[in-house]
Amino acid sequence: MRTKLHAVLCCFAVILMLFRLVPIRADGYAYTVGEVQSLIDGIVAYKLQTTGSGSVQDWISGEIASGAGASSDWYAMALSQDGDYDFSGYRAALESAVAAGGSASATTREKNALALCACGST
């Protein structure tokens with residue numbers, strides 16, 4: 001009887017530990033696709049306003065291309081999934097930054113590789 005109780009308690013402890021491995025959202029709220037798209041649209045509108053860009057394509061060709069390899073790569077990667085834009089100026093600027101050897105860390109090199117792939121480089 002004592003070994004059965006011990007086995008049940010061990011199983012219960014394992015189950016409790018497994019539940020601790022499941023990520024739990026702090027606010028308990030799941031966002032809808034529409035809410036996520038609204039957040040994205042708000043970020044893009046804010047960046048267009050603060051950079052003085054007239055369109056998303058102007059932003060990509062101007063501010064994002066000038067920050068290639070330093071500050072704008074995540075925007076380029078996200079926008080490559082959001083629409084049909086021309087990333088040739090950004091891609092050329094990032095390729096130049098990579099060729100200049102500005103990628104000291106492995107993480108930066110990986111980010112640059114992802115950005116180049118997302119923007120159509122082969």
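If you're wondering where the values come from, they're calculated on a predicted model, not measured in any experiment.
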Between CG of L116 and CE of M77, what distance do you get to the nearest 0.5 Å?
9.5 Å
Looking at OH of Y75 and OG of S80, how far apart are the two atoms once the value is rounded to the nearest 0.5 Å?
15.0 Å
Measuring only between side-chain heavy atoms, which start at C-beta, is Y90 closer than 4.5 Å to D73?
yes
Heavy-atom pair of closest approach, residues L79 and Y85
O-CD1, 3.7 Å
Answer yes if Y31 and I43 sit in the same cluster of Ile, Leu, Val, Met, Phe, Trp and Tyr residues linked by side chain heavy atoms under 4.5 Å apart, and no otherwise.
yes
Main-chain N/O of T32 paired with E35 side-chain donor or acceptor, under 3.5 Å
yes
Answer yes or no: is there a side-chain heavy-atom contact under 4.5 Å between K47 and E63?
no
On a heavy-atom basis, the closest approach of A68 and L94 is CB-N, 3.6 Å
Decide whether I64 and L114 are clustered together by the hydrophobic rule: side chain heavy atoms of Ile, Leu, Val, Met, Phe, Trp, Tyr closer than 4.5 Å, transitively.
no
R91 vs E95, side chain to side chain contact (heavy atoms under 4.5 Å, CB included): CA-CA, chis, key distance, verdict
CA-CA 6 Å; R91 188 172 51 247; E95 287 171 349; 3.7 Å; yes
Expected output: side-chain T50 to main-chain Y46 donor-acceptor under 3.5 Å
yes
Would a hydrophobic clustering, with Ile, Leu, Val, Met, Phe, Trp and Tyr connected at side-chain separations under 4.5 Å, put W74 with V56?
no
Pair S105-T107, side-chain donor/acceptor within less than 3.5 Å
no
